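Since this is a predicted model, take the numbers as computed values, not measurements. Below, read A as the first sequence line, B as the second, and so on, with proteins coming before strands; counting in each chain starts at 1.
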Amino acid sequence: MESWREMVAFPLTGRSRKPRTRGLTMVLDKGLGLGETKDLLDIAGDHVDLLKLGFGTSALYGDGILQEKINLVRRYGIDIYPGGTFMEVAIAQGRLLPFLRTARQLGFTAVEVSDGTLFLDAEVRREAIILALENGFKVLTEVGKKHGHPNCLDLARQAKLDIKAGASWVIVEGREFGRDVTVYDGNGRVREELLALFLECVEDQNLIIWEAPLKDQQEELIVRFGPDVNLGNIAPQELLSLEALRVGLRGDTLRRCYQRMV
Amino acid sequence: MESWREMVAFPLTGRSRKPRTRGLTMVLDKGLGLGETKDLLDIAGDHVDLLKLGFGTSALYGDGILQEKINLVRRYGIDIYPGGTFMEVAIAQGRLLPFLRTARQLGFTAVEVSDGTLFLDAEVRREAIILALENGFKVLTEVGKKHGHPNCLDLARQAKLDIKAGASWVIVEGREFGRDVTVYDGNGRVREELLALFLECVEDQNLIIWEAPLKDQQEELIVRFGPDVNLGNIAPQELLSLEALRVGLRGDTLRRCYQRMV
Amino acid sequence: MESWREMVAFPLTGRSRKPRTRGLTMVLDKGLGLGETKDLLDIAGDHVDLLKLGFGTSALYGDGILQEKINLVRRYGIDIYPGGTFMEVAIAQGRLLPFLRTARQLGFTAVEVSDGTLFLDAEVRREAIILALENGFKVLTEVGKKHGHPNCLDLARQAKLDIKAGASWVIVEGREFGRDVTVYDGNGRVREELLALFLECVEDQNLIIWEAPLKDQQEELIVRFGPDVNLGNIAPQELLSLEALRVGLRGDTLRRCYQRMV
């Protein structure tokens with residue numbers, strides 16, 4: 001009797017398994033409870049690489065919950081980090097080092113350096129990346145403001161600088177809803193010319209994580225870059241749907257790769 | 001002291017109780033964890049008849065979870081089946097019989113025969129229905145492509161053929177988002193002329209399950225066909241809201257049946 | 001080592017702590033299971049003041065669940081009440097007193113008097129408020145029909161009458177989706193002129209709870225009225241995101257209060 005998982009050959013081939021350096025899935029966690037987190041990771045933990053505790057929500061948990069949650073998530077081989085907004089505030093308030101030390105003590109394994117909301121001087125940004133690396137963190141940086149379409153060349157230049165400073169990955173901002181931000185238009189569709197501009201400047205696409213909260217964005221990026229594209233801001237309840245898209249077990253990517261399959 | 005449930009007479013009358021042959025509710029499960037599933041069924045299991053493990057997600061669960069989940073769901077008197085896409089891939093890869101045998105071994109009680117994404121020859125479709133019945137499954141078939149509006153007469157003719165071949169129910173495709181598919185327009189509203197065409201050809205409406213993920217669609221179909229219309233692709237967190245719509249304990253159907261109530 | 005919660009000074013100041021009389025958050029619960037409820041309240045219970053069991057869903061729970069859920073929620077210092085629609089039906093069926101007695105017996109601590117769907121005579125409404133108070137409940141009343149834009153002056157006049165009759169708070173209807181209702185337009189945006197009209201007539205804004213299911217509505221009202229505005233119909237999974245908005249730990253309010261912060 002064959003196992004269910006090997007029942008069919010996955011139509012889209014080339015999907016990596018954990019631990020992996022490409023094809024990362026980053027989840028946006030807006031406040032999953034402890035039981036819910038364990039439940040989710042038991043069923044779908046193989047398909048999560050990074051978990052972000054969105055915005056400043058990690059400062060608002062009930063007593064003792066944050067420590068337990070960090071411990072729990074790490075047991076599944078998943079990197080966990082506080083949202084970029086929280087770190088932006090810490091930097092603006094001149095408290096970066098205490099922030100990094102407490103984060104380390106709690107067991108966070110990564111941090112995100114962003115300027116989505118507040119302004120960050122280029123040199124301060126570079127120093128924040130280096131300081132975080134020195135304190136033992138993986139460092140994600142984010143390019144793109146939360147509001148409006150900046151020049152994509154500027155984003156790409158920033159991405160290059162961040163990588164040069166040592167960033168592990170660069171996230172392209174997509175926000176929670178994926179509309180009217182960086183390479184997405186008001187309907188959440190990829191703006192081809194902006195994407196092309198951005199890609200021209202970036203050498204190693206495996207270092208880019210695309211925030212892609214909408215299903216059509218995930219589909220578009222998988223069809224374009226393959227199953228091992230790095231995707232972020234995935235809603236927890238969409239994890240298995242996304243993985244089905246990646247391996248061709250969902251109509252949308254299955255249809256578009258059908259010629260290759262049979 | 002009266003019980004809370006009997007506190008009021010439900011404004012919409014005629015809702016059946018489980019086990020029932022009409023008024024079925026089919027849930028689209030995109031990856032509920034074990035704890036979440038038990039939690040949901042304890043509070044709302046009386047209002048679920050069929051649970052679909054969407055797309056190919058059931059092939060992507062963590063070790064041992066699928067078996068436990070099937071056992072759990074069956075204890076609540078609910079039919080459980082893998083999404084149509086998974087079976088489409090199995091057929092396309094010439095593995096229908098091993099698929100059915102493994103599904104049976106695991107305890108799935110139903111399967112879905114569809115051609116939402118790939119093309120299925122009419123004779124292959126008929127044989128798949130018969131083979132699934134012979135292997136002890138209830139058989140749901142699905143009519144309607146995942147993309148675009150096919151001729152509704154063709155859908156109705158296919159439904160008739162499926163029922164003749166022995167299908168337990170025929171599902172009218174509505175996808176996860178209910179827009180721009182079969183009888184729904186781009187805003188998810190029912191297209192009257194298409195629905196009328198379809199209904200003209202179908203003799204027993206109790207054999208039809210309407211995928212209706214949007215609240216307005218559920219409301220529209222309940223007002224049109226009564227509380228015991230078969231509805232599918234219901235999100236787990238909407239189960240009790242839907243049941244409230246069915247019995248007239250939610251504003252939308254309550255308002256429209258008010259004349260009849262008082 | 002500083003605690004995580006005190007890592008940064010919250011950018012928006014003036015947020016009250018529980019138990020509080022302003023800055024209330026009311027959650028719309030459409031059928032959370034027992035485990036999910038406990039999980040949610042452990043992580044986010046500090047940020048919930050009122051929990052509404054939406055529509056008539058509380059009449060549809062599995063055996064014994066309602067009693068356990070009421071007991072559970074009260075242990076977190078949270079008021080719990082059945083949706084207004086259920087009480088509308090009870091009144092329409094001439095069963096208000098048995099409704100109140102059974103609700104009291106079960107442990108509900110509040111009720112909602114509304115006429116969102118059915119018509120309620122002004123005198124019957126006043127008597128319902130008084131009867132509920134006499135039976136030991138906190139009383140929320142709701143103004144605004146579920147469909148269409150009534151005259152905002154009428155809403156404000158009704159709010160005044162309700163407060164005069166003893167209502168603890170008056171809710172401004174926003175429905176589950178926040179669009180095309182009371183002060184919100186079809187896109188869910190606040191209609192300035194309607195809001196202004198309403199505010200002119202209401203003396204104590206702390207007695208108003210704004211149903212604001214959409215993030216942009218929450219942001220708009222927090223920026224306008226401050227972190228301690230009363231907000232309702234919050235989805236359970238948005239509780240911590242909302243609290244982050246209230247204290248300035250999310251981009252949207254952080255950006256708009258940045259001048260004040262640094």
Side-chain angles (χ1 to χ4, degrees), chain A residues 1-12 15 17-18 25 27 32-48 76-77 187 214-216 219 234-262, chain B residues 28-39 53-70 82-96 98-106 108 114 116-119 145-147 173 175-177 235-237:
Chain A
M1 178 68 57
E2 288 176 278
S3 90
W4 190 245
R5 207 175 294 168
E6 286 137 24
M7 206 57 255
V8 298
F10 292 165
L12 277 176
R15 174 71 178 128
R17 308 197 124 219
K18 278 175 68 175
T25 295
V27 167
L32 295 174
L34 284 178
E36 214 174 344
T37 306
K38 181 172 187 319
D39 219 36
L40 176 74
L41 297 182
D42 282 342
I43 200 167
D46 291 345
H47 314 301
V48 190
Y76 289 82
N187 294 311
L214 301 179
K215 202 261 290 171
D216 288 348
E219 175 190 338
I234 306 302
Q237 69 273 21
E238 299 298 331
L239 260 175
L240 286 164
S241 300
L242 169 61
E243 196 65 21
L245 275 178
R246 285 187 186 274
V247 300
L249 285 179
R250 188 167 179 186
D252 312 272
T253 52
L254 176 58
R255 182 176 59 103
R256 294 175 69 168
C257 76
Y258 182 53
Q259 308 296 347
R260 280 170 271 168
M261 190 191 79
V262 194
Chain B
L28 169 57
D29 173 338
K30 299 193 293 176
L32 295 175
L34 285 177
E36 215 175 343
T37 305
K38 181 173 188 317
D39 219 36
L53 305 182
F55 335 116
T57 54
S58 60
L60 303 167
Y61 287 6
D63 289 335
I65 302 286
L66 178 61
Q67 186 64 74
E68 271 194 73
K69 189 160 172 177
I70 292 172
T85 307
F86 198 7
M87 181 147 158
E88 285 187 50
V89 172
I91 292 177
Q93 297 183 347
R95 300 179 58 70
L96 178 56
F99 173 90
L100 291 173
R101 287 197 178 133
T102 307
R104 190 78 195 142
Q105 175 100 348
L106 280 162
F108 281 116
S114 64
T117 305
L118 307 181
F119 173 79
K145 286 281 171 189
K146 293 202 184 294
H147 298 84
E173 170 80 80
R175 308 208 71 204
E176 185 185 349
F177 301 109
Q237 69 273 20

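Annotation: side chain of B/F55 is in contact with side chain of B/K30 (closest heavy-atom distance under 4.5 Å). Within the 4.5 Å cutoff, no side-chain heavy atoms of B/T57 are placed close to those of A/E243. Considering only heavy atoms from C-beta on, B/F86 comes within 4.5 Å of A/M7 through its side chain.
Within the 4.5 angstrom heavy-atom criterion, atoms from both the backbone and the side chain of B/D63 approach chain A. Neither the backbone nor the side chain of A/K38 has a heavy atom closer than 4.5 Å to any heavy atom of chain B. For B/L106, the part sitting under 4.5 Å from any heavy atom of chain A is the side chain, from C-beta outward, and nothing else. For B/Q67, no part sits under 4.5 Å from any heavy atom of chain A, backbone or side chain. For B/L32, the part sitting under 4.5 Å from any heavy atom of chain A is the backbone (N, CA, C, O) and nothing else.
Between A/K18 and A/D46 there is no salt bridge, since no side-chain nitrogen of the basic residue lies less than 4.0 Å from a carboxylate oxygen of the acidic one.
The candidate with the highest count of non-hydrogen atom pairs below 4.5 Å against chain B, out of A/Q237, A/H47, A/E36, is A/H47.
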side-chain contact (heavy atoms from CB on, under 4.5 Å) between A/L239 and A/I43, intermediate numbers included: CA-CA 10 Å; A/L239 260 175; A/I43 200 167; over 6 Å; no
